[in-house]
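The model shown is predicted, which means the values in this text are computed figures rather than measured ones. The figures here come from the full heavy-atom set of this structure, side chains too, leaving out hydrogens, waters and symmetry mates. Position 1 is the first residue of the sequence, and the numbers go up from there.
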Amino acid sequence: MRVNGLRRVPAVVAVLATAALLAGCGGGDEGSADGGAGAAAEGSGKGTQKKAGGPLDAAGLESAAVAEADLPDYTFTVFKQGTVLGSKGEPADPAVCQPMEDIRLRSPEPEPAAAAARSVHPKTDTKATTIELYAYDKAADAGELLTRVREATKSCTGYKDELGLRPTVTALPDPDPDPGPGDEAVAYKRESSGTAFWYQVVRSGSHVAVFGRQGLAAHKRAGVVPDEVITVQLRKQTETAGTG
């Protein structure tokens with residue numbers, strides 16, 4: 001189920017820019033952001049928060065994303081509306097690993113109806129957590145994304161990405177989707193050139209939250225996403241969607 005050229009901006013080799021945020025330098029290969037720390041996303045105060053009988057719309061999803069008031073000890077970089085989703089690159093090789101490449105490029109399949117994202121890091125630490133929120137018209141579509149990622153973690157141990165790198169992939173135990181709450185979650189680690197990126201993908205109804213964090217592979221759990229970031233984000237998302 002591939003979608004090309006719809007609402008998507010160039011990935012700008014999406015992975016490199018956020019890695020610079022995550023590592024506090026020019027290295028790495030995950031995500032990208034547009035907007036300075038504390039920047040407000042365009043349209044965040046416009047429109048309704050929820051489509052009639054459906055998921056959060058773009059403005060509502062932005063309202064559901066964590067802000068400085070929710071995590072006062074963190075510094076924020078907010079992605080502007082219209083720059084969250086990336087474009088497809090070269091297909092992953094082998095194809096079974098495509099869901100990992102889609103997550104890396106912020107180009108999930110199925111394609112979401114709305115998206116929001118930001119990067120946050122403690123004021124005492126430069127290591128950032130990236131947060132992408134996706135809203136789907138149907139919970140089944142959100143569930144399909146989780147299924148695709150989970151199935152990929154069972155078969156994908158490594159692949160060639162669009163940058164010509166050959167990252168390895170390690171499945172991690174499915175995290176408890178609570179607290180949050182959440183309905184289901186999957187986790188994995190993507191490792192390349194001594195750097196690892198830990199991911200947790202959590203579904204709550206028709207919404208999906210993707211959390212990613214960078215760390216040195218040798219430090220084992222150094223890049224694991226902080227529990228407080230996941231908890232606060234999922235709780236706010238659920239409360240905003242009116243399903244909590």
For this session: I would like to know whether Arg118 and Val66 meet side chain to side chain contact (heavy atoms under 4.5 Å, CB included); could you show each step before the answer?
Result: CA-CA 8 Å; Arg118 58 255 296 111; Val66 288; 4.2 Å; yes
Smallest separation among heavy atoms of [X] and [Y], with atom names:
X: Leu105; Y: Gly89; answer: CD1-N, 3.7 Å
X: Asp70; Y: Ala65; answer: OD2-O, 4.2 Å
X: Ser192; Y: Leu165; answer: OG-CD1, 4.1 Å
X: His207; Y: Ala241; answer: CE1-CB, 4.1 Å
X: Ser204; Y: Gly182; answer: OG-CA, 3.5 Å
X: Val96; Y: Ala152; answer: O-CB, 3.5 Å

Problem set entry | Criterion side chain to side chain contact (heavy atoms under 4.5 Å, CB included) against Thr129, the qualifying member of Pro122, Pro226, Ser119 | Pro226
Can you find a heavy atom in the side chain of [X] that is under 4.5 Å from one in the side chain of [Y]?
X: Gln233; Y: Phe211; answer: yes
X: Leu133; Y: Glu62; answer: no
X: Val201; Y: Val186; answer: yes
X: Gln214; Y: Lys127; answer: no
X: Leu145; Y: Pro110; answer: yes
X: Phe197; Y: Lys189; answer: no
X: Lys236; Y: Leu234; answer: no
X: Thr153; Y: Met100; answer: yes

Please answer whether the main-chain N or O of [Y] pairs with a side-chain N or O of [X] as donor and acceptor at a distance below 3.5 Å.
X: Arg148; Y: Pro108; value: no
X: Arg106; Y: Val84; value: yes
X: Glu184; Y: Arg203; value: no
X: Thr83; Y: Lys80; value: yes
X: Ser63; Y: Ala59; value: yes
X: Gln98; Y: Ala92; value: yes

Exercise. Could you go step by step and tell me if Arg213 and Asp125 meet the salt bridge (Lys or Arg N to Asp or Glu O under 4.0 Å) rule?
Worked result: CA-CA 13 Å; Arg213 195 162 189 256; Asp125 187 358; 3.6 Å; yes
Exercise. How far apart are the C-alpha atoms of Asp93 and Arg166, what are their side-chain angles, what is the distance that settles it, and do they pass the salt bridge (Lys or Arg N to Asp or Glu O under 4.0 Å) test?
Worked result: CA-CA 9 Å; Asp93 181 18; Arg166 295 185 178 275; 5.6 Å; no
For this session: Classify the side-chain pair Glu101/Tyr159 by whether it contains a donor and acceptor separated by less than 3.5 Å.
Result: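 Distance-only check passes for Glu101 and Tyr159.
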Exercise. Looking at Glu228, Glu68, His121, which hits side-chain hydrogen bond (donor to acceptor under 3.5 Å, both in side chains) with Tyr74?
Worked result: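 So, applying the side-chain hydrogen bond (donor to acceptor under 3.5 Å, both in side chains) to Tyr74 and each of Glu228, Glu68, His121, only Glu228 qualifies.
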Exercise. Do Ile131 and Val210 pass the side chain to side chain contact (heavy atoms under 4.5 Å, CB included) test, and can you show the C-alpha distance, the side-chain angles, and the key distance before you say yes or no?
Worked result: CA-CA 6 Å; Ile131 304 169; Val210 178; over 6 Å; no
Exercise. Atom CD in Glu111, atom CG in Asp137: separation rounded to 0.5 Å?
Worked result: 10.5 Å
Exercise. How long is the gap from CZ on Arg150 to OH on Tyr188, to the nearest 0.5 Å?
Worked result: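 Answer for the CZ-OH pair, Arg150 versus Tyr188, is 12.5 Å.
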Exercise. Is there any disulfide (SG to SG under 2.5 Å) pair reaching into residues 71-170, and which pairs are they, with sequence neighbours excluded?
Worked result: Cys97-Cys156
Exercise. Out of curiosity, does Val232 fall in the hydrophobic cluster containing Leu56 (side-chain heavy atoms, cut-off under 4.5 Å, transitive links)?
Worked result: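 Yes: a chain of side-chain contacts under 4.5 Å links Leu56 to Val232.
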For this session: Mind checking salt bridge (Lys or Arg N to Asp or Glu O under 4.0 Å) for Lys123 and listing every partner two or more places apart, or none if nothing turns up?
Result: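 Applying salt bridge (Lys or Arg N to Asp or Glu O under 4.0 Å) to Lys123 gives none.
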Problem set entry | Stepwise side chain to side chain contact (heavy atoms under 4.5 Å, CB included) test for Asp174 and Gln200 | CA-CA 9 Å; Asp174 284 357; Gln200 284 198 38; over 6 Å; no
Exercise. Under the side chain to side chain contact (heavy atoms under 4.5 Å, CB included) criterion, do Asp141 and Tyr134 qualify, and how do the steps go?
Worked result: CA-CA 11 Å; Asp141 289 339; Tyr134 302 124; over 6 Å; no
